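Structure first, commentary second.
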Amino acid sequence: MSIRIYNTLSGKKEPFEPLQPDRVHMYVCGITAYDLCHVGHARSAIVFDVIYRYLIHRGFDVVFVRNFTDIDDKIIKRAQEESTDPLLIAERYIEAFYEDMDRLGVARPTYEPRATQFIPEMIALAETLIEKEYAYQVDGNVYFAVEKFSDYGKLSKRKLDDMIAGARVAIEENKRNPMDFALWKASKPDEPAWPSPWGQGRPGWHIECSAMSSKYLGRSFDIHGGGKDLIFPHHENEIAQSEAAHGINFAKYWVHNGFVNIEQEKMSKSLGNFFTIREVLERYQPEVLRIFLLSSHYRSPVDFSRESMAEAERGLERLYQTVGQVEERVGLVTEKDVLPAGEGSEFKELRDLIEDASGRFQEEMDDDFNTAAALGHLFELSRALNRFQDGLSGKPEPAEQDLLAQGVHRLRECAAVLGLLQQSPKDFFREHNRLFLAAMDLKEEEVEKLVAERTQARKDKNWARADEIRDTLAAMSIILEDRPDGTRWRVKS
RNA sequence: GGCGGCAUGGCCAAGUGGCUAAGGCAACGGUCUGCAAAACCGUUAUUCCCCGGUUCGAAUCCGGGUGCCGCCUCCA
């Protein structure tokens, strides 16, 4: 069984065959650093983080490049508003991006180049395109002539004529064709500028990705990704520039993630209906956002809401609950990889399930990174582990302990590819409680005090008082669990 | 206007020609419990937006319709 990937270019799932066996070169468009990132950015980052992790998990040697756009109109605008330097604005938001990504557990790519570090390469690329007559210069601007590139529109599947007819943007006089796009822009007096053969100026948006990808990954590489909104014009233009300049196919597989919606509408800066990552992390743990986003297929839209996050959170709690129960019973889990032999149908049932778990997980992930289906198998394994524990009477046999330990080990191993179950259950629930108490403006000591009082009441067999306290706590969304070793409390999601 | 996508139980969500339509959340019943919670067991879609067609057989393919969304302007 091999990996299959949906390729935007062909509109189909295709078997994944990298250009070099065992090695994957992938490029994902990163952010324009002019503001804080929102959940939409988080989705893209997490989706490609999972793809990256999974390819490594499958044994590929992966070179992963994700860029920062650190010079562009929006950054300049922001700098002017704050009377500061555009590069400082970019620096600030790149820092913020790193903070957010680290909290979300998004692994660092192999290389994270910035556009301004590749000005000479971009100028060289523009020069090549002019030489090959794919581009022309007007008053210090360089434009790519889309008509010269016969494949223009092959990614977004549109025809040049249709686009011109439907164009909603004012036509720039300098351009020969309204769809032509800038490779190099002459700079205005107060803007950042670099010297070039066409005078002082700065690069256009699209050319940075062409320049940087070829630098790190070669002129032809395996996977190019980004949000669906980048298909046109950004990725279409990258293809045009790169293939026109180099004369060979640019990226082999084009992978695009769907949007995060708010009430069925795309979350975006311009609509103003966005939540920043840090806003969300004030209320929810990073893994909650991850499991929420990974519960749908990466290409489908996903609706972000309080309810859907709470639902995802309860699912994650369920998994942590299982891990916690097992670890309490059998201690910290071993990493032995041999499943124990044992008697009984229940033992065999669980053993088989554990044995198959990784394979099933892999089958789903191989099928265009179907994280939702893969998660389904993790829940099945979780339930099987709970069921097995329920069936135990008294102290488990060594083989049974070992089986449980192996089960949790396997569960966590798969979950790690999704960046889930990375905490100890204790820490997870502690943080969960902390966040919710903070949101409800409650103090942990108050809760502890009531719980202690109830424990005393229970000792005295004063059930009426005990239940009264439990009701009081329930009204504060605090749920109690009386266990052999004492009462625990947690906040209801 | 052009192009693309989506429609599956109360909600979320896998499934793209054929075993009993995954899984999660919610609800209800049971086991457990002082009572609960957690956990487990069971129940909740003879049916996949509607109408036709292809096929021995379709949620899955084709045609038409309805509804929603996205891109075509910066956007993950």
Side-chain angles (χ1 to χ4, degrees), chain A residues 8 11 13 28-32 34 37-48 72-74 77 153 156-159 161-170 179 205 225-234 236 256-261 264-271 274 291-292 295-297 299-303 305 307-308 310-319 321-322 324-325 360 364 367 370-380 382-391 458 461-464 466-467 470-471 474 479-483 487-490 492-493:
Chain A
T8 307
K13 276 187 206 170
V28 173
C29 290
I31 57 155
T32 298
Y34 77 106
C37 289
H38 58 62
V39 179
H41 299 105
R43 184 177 197 191
S44 185
I46 288 169
V47 161
F48 289 101
D72 115 310
D73 292 350
K74 292 190 294 287
K77 185 167 168 253
S156 54
K157 293 167 182 64
R158 5 181 140 211
K159 294 193 186 78
D161 294 344
D162 296 340
M163 286 190 269
I164 295 164
R168 285 184 278 160
V169 68
M179 298 313 293
W205 173 32
K228 267 195 160 81
D229 44 5
L230 297 182
I231 295 172
F232 191 89
H234 187 53
E236 194 70 70
H256 294 99
N257 64 277
F259 301 131
V260 175
N261 290 164
Q264 269 106 84
E265 250 186 356
K266 180 184 171 186
M267 176 184 291
S268 74
K269 272 276 153 52
S270 39
L271 285 170
F274 61 90
I291 197 170
F292 164 69
S295 294
S296 303
H297 188 91
R299 280 187 280 118
S300 310
V302 65
D303 216 86
S305 69
E307 292 72 34
S308 55
E311 190 183 313
E313 179 160 50
R314 274 173 285 214
L316 185 61
E317 281 174 49
R318 181 182 176 76
L319 295 176
Q321 192 90 25
T322 300
Q325 297 264 15
R360 288 204 249 198
E364 301 295 356
D367 184 12
N370 192 341
T371 54
L375 267 171
H377 291 306
L378 299 190
F379 279 105
E380 276 169 358
S382 165
R383 180 147 40 86
L385 287 164
N386 291 335
R387 187 191 303 136
F388 186 76
Q389 290 199 93
D390 251 40
R458 291 183 71 225
K461 299 223 187 297
N462 183 354
W463 307 125
D467 292 352
R470 189 173 57 205
D471 290 346
I479 306 286
L480 298 178
E481 289 180 31
D482 295 330
R483 293 158 162 268
T487 298
R488 288 193 201 170
W489 59 272
R490 67 189 170 87
K492 191 177 186 305
S493 312

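Everything numeric in this text was worked out from a predicted model, so none of it was measured.
To the nearest whole angstrom, the two P atoms, one in B:G63 and one in B:C69, are 24 Å apart. The gap from the P atom of B:C6 to that of B:A14 amounts to 11 Å, rounded to the nearest Å. B:A26 and B:C35 are spaced 23 Å apart, taking the P atom of each and rounding to whole Å. Comparing the C1' positions of B:A22 and B:U31 gives an interatomic distance of 26 Å, to the nearest angstrom. Atom P of B:A7 sits at a distance of 8 Å from the matching atom of B:C49, rounded to the whole Å. For the P atoms, the distance from B:U47 to B:U20 is 16 Å, rounded to whole Å.
An OP1 or OP2 oxygen of B:G24 is reached within less than 4.0 angstrom by a side-chain nitrogen or oxygen of A:Arg383. Under 4.0 angstrom from either OP1 or OP2 of B:A76 there lies no side-chain N or O belonging to A:Lys269. For the pair A:Arg318 and B:A39, the criterion of a side-chain N or O lying under 4.0 Å from OP1 or OP2 is met. An OP1 or OP2 oxygen of B:A76 is reached within less than 4.0 angstrom by no side-chain nitrogen or oxygen of A:Asn257. Between B:G15 and A:Asn370, a contact under 4.0 Å exists linking OP1 or OP2 to a side-chain N or O. Residue A:Ser300 places at least one side-chain N or O under 4.0 Å from the OP1 or OP2 atom of B:A14.
A:Gly40 comes within contact range of at least one nucleobase, with a heavy-atom separation under 4.0 Å. Among the atoms of the strands shown, only primed sugar atoms or phosphate atoms (P, OP1, OP2) are found under 4.0 Å from some heavy atom of A:Arg387. No engagement by A:Ser308 is indicated, since no non-hydrogen atom pair under 4.0 Å with the nucleic acid exists.
Regarding A:His256, its NE2 atom lies at a distance of 10 Å from the C1' atom of B:A76, rounded to whole Å. Here the C1' atom of nucleotide B:G70 and the CD1 atom of A:Ile231 are 10 Å apart, to the nearest Å. For A:Arg488 and B:A37, the CZ to P distance is 17 Å, given to the nearest whole Å. Between A:Asn386 atom CG and B:A39 atom P there is a gap of 7 Å when expressed in whole angstrom units. Computed from coordinates, the A:Glu236 CD to B:C72 P distance equals 13 Å when rounded to whole Å. What separates NE2 of A:His297 from C1' of B:G24 is a distance of 18 Å, to the nearest Å.
Side chain A:Arg314 to base B:G24: no donor-acceptor pair is found below 3.5 Å. Judged by distance alone with a 3.5 Å cut-off, a donor-acceptor contact links the side chain of A:Asp482 to the base of B:C35. One cannot find a donor-acceptor pair under 3.5 Å joining the base of B:G2 and the side-chain atoms of A:Asp161.
Scanning both residues, A:Ala312 and A:Ile291, for their nearest heavy atoms gives O-CG2, 3.7 Å.
For A:Glu311, whose side chain is taken as the heavy atoms from C-beta onward, the closest listed nucleotide among B:U73, B:C25, B:G70 is B:C25. Residue A:Asp367 has its side chain nearest to B:U16 when only B:C72, B:G23, B:U16 are considered.
For the pair A:Gly376 and A:Ser268, both in contact range of RNA chain B, the more 5′-proximal nearest nucleotide belongs to A:Gly376.
Per the stacking criterion (ring centres < 5.5 Å, plane angle < 30°), A:Trp463 stacks onto the base of B:G34.
Under a cutoff of 6.0 Å and an axis angle of 45°, A:Arg158 and A:Phe232 form a cation-pi pair.
In this structure, CD on A:Glu481 lies 5.0 Å from CD on A:Gln321, to the nearest 0.5 angstrom. We find the CZ-CD distance between A:Phe259 and A:Gln264 to be 15.0 Å, quoted to the nearest 0.5 Å.
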*So A:Ser44 and A:Asn257, side-chain hydrogen bond (donor to acceptor under 3.5 Å, both in side chains) or not? Walk me through it.*
CA-CA 6 Å; A:Ser44 185; A:Asn257 64 277; 3.2 Å; yes

